[in-house]
J.: 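Please see the structure below; I have some questions.
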Amino acid sequence: MTTTGFALPPQYDPHAVEAALYRRWLERGAFTPGSAGRREPYVIVMPPPNITAILHMGQGLDNVIQDVLIRFERMRGRDALWLPGTDHAGIATQNVVERLVAKEGKTRFDLGREAFVERVWTFVRQTGSTILEQLKVIGASCDWSRTRFTFDPAYSRAVREVFVRLWEEGLIYRGHRVIHWCPRCLTALSDEEAESKDRDGKLYYIRYPVEGGPTPHLTVATTRPETLLGDTAVAVNPADARHAAFVGKLARLPIADIAIPIIADDAVDPAFGTGFVKVTPAHDATDFEIGLRHKLEMPLVMTEDGRMEHPTRVPKSLAGLDRFDARTKIVDMLKERGLLEKIEPHRHAVRRCYRCDTLVEPRLSDQWFVKMKPLAEPALAAYHRGEYRIVPERWKATYERWMEGIRDWNISRQLWWGHRIPVFTCTKCGEQWADREDPATCRKCGGPVEQDPDVLDTWFSSWLWPFATLGWPDVTPDLERFYPGHTLVSGPDIIFFWVARMVMSGYHFMGDRPFRTIYLHGIVRDTEHRKMSKSLGNGIDPLDVVERFGADALRWTVIGGGSLGADVILDPNDLEATFAPGRNFANKLWNIGRFILAQLPERVRPLESFEQSQLPLADRWILMRANDAVAAATTSMEQFRLDEGAKRCYEFVWGELADWYVEAVKPRLASDGAGSRAAAHSVLAHCFDTALRLLHPVVPFITEELWRKVPGRQPDELLAVAPWPSFRPELVNSELDLQFLRVKQVVEKIRGIRAEYKVPPKARLRASITARGRDHRKVFEAENETIRRLAQLDELSFDGAAKRVGAYAVFGDGSEVFVALEGAIDVQQECRRLSGELIRLDQQLSGLSGKLANQQFVARAPAEVVAKEREKERAWRDQRQVLADKLRSLGCS
RNA sequence: GGGCGAAUAGCUCAGCGGUUCAGAGCGCCUGCCUUACACGCAGGAUGUCGGGGGUUCGAAUCCCUCUUCGCCCACCA
């Protein structure tokens, strides 16, 4: 016997081991697959967090899931590549640095473009990969040697290549239209970046005087009165008889005092408001369309930062006013002139900038767009062909609908931090083209050229992530080996931003899917189901959790907290209740390890050297349960039911191995019976080893730490790359399971009686079992010692005197057993207890009998179900009989 | 306006056609420092499975509907 086990402290201390273990993994290159090799690759690309990000719980969940999957596949013998990296995150990063600059009392314009970008680079280099370091703390087994950044020179080359190719294919064009504009970030946004949210607003009914109309006024309804300065028409639905007489007349625009036509257009919903709509083509997407159809003027009446401005339409009193101040003032002015009919409360959707939450202002402008239909169609067709799938499937409809109705993608941003758009224009001849290299002069006339000042949408670089990270456009060994990837793990919030676009770019540029499976997990929320966020202050800092409970506890909780695709609810106000179970489980595992390691000799005989059928019942049972855990863990992983696998392993370790097997085997460990003891060692070692392997993907630190302490382990061996256990169907044996179940039931009944009669723990007890029928008696006799130990009996006999006195229990389930404990009992109490049992049994029995008496059931239910129920009924009747006899013999009424 | 998801023990959730399927963890109650673990051990209480209809021999489990929450999409000016 060694003393390894008891040399360990009785409590697991994550801090003592986590960092060192992570270092060992890195030193051994456990996370770095080669570019060549015979083993089948398995690839996950990490959704690159923003370069400025610090780890939050959502990313914690996302990355733990990825790590579990990658560790599982690695152990299964795949060449597992988890490729990490960061996103330069155009708007987000620029905003962060702008705030820094603002602290010095400056704006980015004070610094100038070049200096500002340099400033961002400095910032990025200083604080850049904080989040990647944090991922190491939670155990992420990424291949850090392949870390990428969307602004790396090589990556930037891929971005540029993509742009130029799309340009050459005619899929990029300059669009003049109303787009989403953030007046704070001073840039255009894509449709996805302008998040729509409902909010309570107001609907203003405003009178416009009409020249020569049926009435002196018409009334329009609007939520944005300030935009009336940009109105160039009033529209009605052509089918709206109420207002037909107005069409062709002129309305007088209040305040701006301009005559505008009254027109008819199908886009107008006659049921909304008054049926009259003010048309502001430069500040509303629908109105822009109307404007095009009717060849209306499209004056911009606001500056880029959202202040009112126009040489003729905006009066001096309003010029320069912020749009919301202007709204207030214009409403006042309208009131004064009697042109404000009423204001109604109105709930409607407003769009906000996804980076700064500012209300987006629709604005007519020139931007670069990508035609998306030609990209979406092949990707969607491939989806329908089943080339890649989405888990859980309920996202199918959402995905398909977006892909089917896809709109062109506005990719130009009026920012400085990002990939500069590689479009060049000759100032002399006007030639315009996209170029892979920066041209010195015009390719046509040799004149001077200017590059487009804008940068690309951040997502225009991240949608290339699955192949640009592998060296594309060059055909590198990595690209050939690791594309296409396998699983993409993400929250559903970026399904359009990123996931769908990656699929499109994958098919378009690589001719193949970027991954086979898209697993969309849930969102981390608090107990009120609010998304965890900094602004709400309901966040949980993952690093704080690691500090207090250990990385494995964090991982355990987020994995166990959500089933397939379900949200994970965590309580920020009770971290103890939330994370202690994970910590406690780790501690349990640790102590099982302490115990087992203390028992094992230097050399443990291989399990195969024992004739399995000769092993004691408990041994064969626990080996079977271990085998069952292997099956459950494996299929759960394959089906993304990580919680299920983890819970099954938990049950195996705690509920089966620790609670039953270890307790049952203790006497054998202390005995001199060499064979029995050696077998116990082998079984313990096998079960412990299996448990560690199965649990490693979820709780990698503690399992690695324990695994390396097992006798005979070579110093350079790592559990992280050890083989995943294989399921052995030949071990499945339900009869065996039943036999051990009977032992458990006997023990539990005796314990129950002990508690019920408040038998002092130290009191001496004897019990006697009478097994009726079958071979159960053999089982009980063989397990005499085990039962005695587990039920804390001094003596266990069979048949005989048991019926005379004592508390009493009957077993169902096909076996008929009774147990009696000797000692003083209260007959009254015993009668009450047993009658209670009888009543319960009768209830169950009558339900079951009724069911079996039902002709419909017997006729229509599957034969095996009926047979099973018959068998059960027979057993229960026997059980009832025995119980009733006992009651009679006690003289109960 | 359309679509999706959720509603099961005090809390967070699992179960998703067959009476040991009414469960787990936390919390609660009663005993225990039984030589691995008090971050533990043993025993225990708690739920008309959101309401109402339906399908079925049989429903927490399938269908419809209502209510309440949450999310996504949409040119609600």
Side-chain angles (χ1 to χ4, degrees), chain A residues 5-6 8 10-12 178 196 198 203 220-224 227 235 267-269 272-273 276-280 284-290 346-349 362 394-395 397-398 401-402 405 492-493 495-496 522-523 525 527-531 549 553 560-563 565-571 574 576-578 580-581 583-599 643-644 647 650-651 658-659 662-663 666 670 748 751-752 754-756 758-762 792 812-813 843-845 847-848 851 854-862 865-866 868-869 872 876:
Chain A
F6 295 128
L8 301 175
Q11 281 198 353
Y12 171 58
V178 169
S196 76
D198 277 356
L203 192 58
V220 299
T222 181
T223 53
R224 295 187 299 154
T227 63
V268 178
D269 174 5
F272 185 87
F276 287 108
V277 174
K278 58 190 275 313
V279 181
T280 322
D284 184 278
T286 309
D287 293 2
F288 173 73
E289 297 295 328
I290 297 176
H346 182 60
R347 190 162 182 83
H348 63 129
R394 68 180 135 87
W395 289 103
T398 304
R401 203 169 315 141
W402 189 78
D493 46 342
I495 183 169
F496 305 139
I523 308 278
R525 300 179 185 281
T527 46
E528 285 161 47
H529 293 224
R530 298 176 305 180
K531 190 172 172 174
F549 301 94
S563 56
D567 288 345
V568 175
I569 282 67
L570 303 175
D571 188 351
D574 195 350
E576 182 68 22
T578 307
R583 177 201 59 196
N584 295 353
F585 178 53
N587 194 239
K588 186 72 184 182
L589 197 56
W590 180 257
N591 275 290
I592 292 168
R594 276 183 85 209
F595 178 78
I596 292 177
L597 294 174
Q599 306 302 324
D643 58 321
E644 260 184 6
K647 279 167 189 163
Y650 174 98
E651 178 57 24
D659 286 351
V662 166
E663 292 307 324
K666 275 177 177 172
E748 279 164 351
R751 282 175 180 166
R754 192 185 260 288
E756 193 147 3
K758 302 209 188 308
V759 180
K762 299 247 159 58
Q792 289 181 277
D813 181 87
Q843 280 171 353
Q844 287 193 324
L845 201 50
L848 187 55
K851 186 172 173 182
N854 185 330
Q855 293 302 314
Q856 307 273 35
F857 170 68
V858 176
R860 301 208 194 177
V865 171
V866 177
K868 226 172 76 190
E869 301 291 48
K872 199 182 296 171
W876 286 2

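Letters A, B, ... mirror the listed sequences (proteins, then strands); counts begin at 1.
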J.: Listing time: all N or O pairs from protein to nucleotides 37-42 of chain B that are below 3.5 Å?
T.:
{"residue": "C37(B)", "atom": "O4'", "partner": "Asn591(A)", "partner atom": "OD1", "Å": "2.8"}
{"residue": "C37(B)", "atom": "O4'", "partner": "Asn591(A)", "partner atom": "ND2", "Å": "3.3"}
{"residue": "C37(B)", "atom": "O2'", "partner": "Asn587(A)", "partner atom": "OD1", "Å": "3.3"}
{"residue": "C37(B)", "atom": "O2", "partner": "Lys588(A)", "partner atom": "NZ", "Å": "3.1"}
{"residue": "C37(B)", "atom": "N3", "partner": "Lys588(A)", "partner atom": "NZ", "Å": "2.7"}
{"residue": "C39(B)", "atom": "O4'", "partner": "Asn584(A)", "partner atom": "OD1", "Å": "3.0"}
{"residue": "C39(B)", "atom": "O2'", "partner": "Asn587(A)", "partner atom": "OD1", "Å": "3.3"}
{"residue": "C39(B)", "atom": "O2", "partner": "Arg583(A)", "partner atom": "NE", "Å": "3.4"}
{"residue": "C39(B)", "atom": "O2", "partner": "Asn584(A)", "partner atom": "OD1", "Å": "3.3"}
{"residue": "C39(B)", "atom": "N4", "partner": "Gln11(A)", "partner atom": "OE1", "Å": "2.3"}
{"residue": "G40(B)", "atom": "OP1", "partner": "Asn584(A)", "partner atom": "ND2", "Å": "3.3"}
{"residue": "G40(B)", "atom": "O3'", "partner": "Lys588(A)", "partner atom": "NZ", "Å": "3.2"}
{"residue": "C41(B)", "atom": "OP1", "partner": "Lys588(A)", "partner atom": "NZ", "Å": "2.8"}
{"residue": "C41(B)", "atom": "OP1", "partner": "Trp654(A)", "partner atom": "NE1", "Å": "2.5"}

J.: What integer number of Å spans the C1' atoms of C62(B) and G17(B)?
T.: 7 Å
J.: Any N/O pairs under 3.5 Å between the protein and nucleotides 5-8 of chain B? List them or say none.
T.:
none

J.: Between P on A24(B) and CD on Glu651(A), what's the gap in Å once rounded to a whole number?
T.: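 Those two atoms, CD and P, are 9 Å apart.
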J.: What is the separation between atom CD on Gln792(A) and atom C1' on G43(B), rounded to the nearest whole Å?
T.: 12 Å
J.: Roughly how many Å apart are A22(B) and C66(B), using the C1' atom of each and rounding to a whole number?
T.: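 So the two C1' atoms sit 26 Å from each other.
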J.: Under 6.0 Å from the six-membered ring centre of Phe595(A) and within 45° of its axis: does the NZ or CZ of Lys666(A) meet both?
T.: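 Yes, cation above the ring, under 6.0 Å and within 45°.
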J.: With sugar-phosphate meaning primed atoms plus P, OP1 and OP2, does Asp269(A) contact a base, only sugar-phosphate, or nothing at under 4.0 Å between heavy atoms?
T.: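 Asp269(A): base contact, heavy atoms under 4.0 Å.
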J.: Considering only heavy atoms from C-beta outward, does the side chain of Arg224(A) approach that of Asp284(A) to under 4.5 Å?
T.: yes
J.: For Gln856(A), check side-chain contact (heavy atoms from CB on, under 4.5 Å) against everything at least two apart and list the hits.
T.: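 With neighbours one apart ignored, the set is Asn854(A), Arg860(A).
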J.: Considering residues at least two apart in sequence or located in another chain, which fulfil the side-chain contact (heavy atoms from CB on, under 4.5 Å) criterion with His346(A)?
T.: Leu203(A), Thr223(A), Phe272(A), His348(A)
J.: With sequence neighbours excluded, tell me which residues meet side-chain hydrogen bond (donor to acceptor under 3.5 Å, both in side chains) with Glu748(A).
T.: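 Listed in chain order: nothing, the list is empty.
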J.: Would you please name every residue forming a ring-ring contact (aromatic ring centres under 6.0 Å, His included) with Phe857(A), sequence neighbours left out?
T.: none
J.: Closest heavy-atom contact between Tyr12(A) and Asn587(A)?
T.: N-ND2, 2.9 Å
J.: Val279(A) near the nucleic acid: base, sugar-phosphate alone, or nothing, with a heavy-atom cut-off under 4.0 Å?
T.: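 Nothing, no nucleic acid heavy atom in range.
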J.: Are the side chains of Phe549(A) and Glu576(A) in contact, using a 4.5 Å heavy-atom criterion?
T.: yes
J.: To the nearest 0.5 Å, what is the distance between CG (Asp198(A)) and CZ (Arg347(A))?
T.: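 With rounding to 0.5 Å, CG (Asp198(A)) is 5.0 Å from CZ (Arg347(A)).
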J.: Who pairs with Asp493(A) by salt bridge (Lys or Arg N to Asp or Glu O under 4.0 Å), at least two apart in sequence or on another chain?
T.: Lys531(A)
J.: CG of Asp567(A) versus C1' of C69(B): gap in Å, rounded?
T.: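 Result: 12 Å.
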J.: Specify the separation, in whole Å, of atom CD1 of Ile523(A) and atom C1' of G70(B).
T.: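 Spelled out: CD1 on Ile523(A) to C1' on G70(B) is 11 Å.
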J.: To the closest 0.5 Å, what do you measure between CD1 (Ile569(A)) and CD1 (Ile523(A))?
T.: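 Ile569(A) atom CD1 to Ile523(A) atom CD1 measures 10.5 Å (nearest 0.5 Å).
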J.: Please list, for nucleotides 17-19 of chain B, all pairs of protein and nucleotide N/O atoms separated by less than 3.5 Å.
T.:
{"residue": "U19(B)", "atom": "O3'", "partner": "Lys872(A)", "partner atom": "NZ", "Å": "2.5"}

J.: Restricting to side-chain contact (heavy atoms from CB on, under 4.5 Å), what partner residues turn up for Glu289(A), sequence neighbours left out?
T.: Leu292(A), Arg293(A)
J.: For the pair made of CD in Gln599(A) and C1' in A36(B), what is the distance, rounded to whole Å?
T.: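 Taking CD of Gln599(A) and C1' of A36(B), I get 9 Å after rounding.
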J.: In whole Å, measure the gap between the C1' atoms of G23(B) and A45(B) for me.
T.: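 About 15 Å, rounded to a whole number of Å.
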J.: Could you provide the dot-bracket string of RNA chain B, using ( ) for intrastrand pairs, [ ] for crossing pairs and | for bases paired to another strand, with Watson-Crick or G-U pairs below 3.5 Å?
T.: ((((((((.[[[[.)..(....]]]].(((((.......))))).....[[[[[..)....]]]]])))))))....
J.: How far does the P atom of G50(B) sit from the matching atom of A14(B), given to the nearest Å?
T.: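 About 13 Å, rounded to a whole number of Å.
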J.: Pro581(A): which residues meet the side-chain contact (heavy atoms from CB on, under 4.5 Å) condition with it, sequence neighbours left out?
T.: none
J.: Any side-chain heavy atom of Asp659(A) within less than 4.5 Å of one from Glu663(A)?
T.: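 They are not in contact (no side-chain heavy atoms under 4.5 Å apart), so the answer is no.
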J.: Mind listing the N/O atom pairs, protein and nucleotides 71-76 of chain B, below 3.5 Å?
T.:
{"residue": "C75(B)", "atom": "OP1", "partner": "Arg407(A)", "partner atom": "NH1", "Å": "3.1"}
{"residue": "C75(B)", "atom": "O2'", "partner": "Thr286(A)", "partner atom": "OG1", "Å": "2.5"}
{"residue": "C76(B)", "atom": "O2'", "partner": "His346(A)", "partner atom": "NE2", "Å": "3.4"}
{"residue": "C76(B)", "atom": "O2", "partner": "Arg347(A)", "partner atom": "O", "Å": "3.4"}

J.: If every non-hydrogen atom of Val178(A) is compared with every non-hydrogen atom of Ala285(A), which pair is closest and at what distance?
T.: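 That closest heavy-atom pairing would be CG1-N, 3.7 Å.
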J.: Can you tell me how far C1' of U12(B) sits from CD1 of Ile569(A), to the nearest Å?
T.: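 These atoms are roughly 8 Å apart.
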J.: Give me the distance, rounded to whole Å, that separates C69(B) from A74(B) when you measure between the P atoms they each carry.
T.: 24 Å
J.: Given the C1' atoms of U19(B) and G25(B), what is the spacing between them in whole Å?
T.: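 It comes out at 26 Å once rounded to the nearest Å.
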J.: Rounding to the closest angstrom, what is the interatomic distance between U65(B) and G2(B) at atom P?
T.: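 My reading of the P atoms in U65(B) and G2(B) gives 12 Å.
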J.: Val220(A) and Val277(A): which non-hydrogen atoms are nearest, and at how many Å?
T.: CG1-C, 4.2 Å
J.: Taking Asp567(A) for its side chain and Gly522(A) for its backbone only, find out whether a donor-acceptor pair lies under 3.5 Å.
T.: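 Flag not set: sc Asp567(A) to bb Gly522(A) has no pair under 3.5 Å.
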J.: Given the P atoms of G47(B) and G10(B), what is the spacing between them in whole Å?
T.: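 So the two P atoms sit 8 Å from each other.
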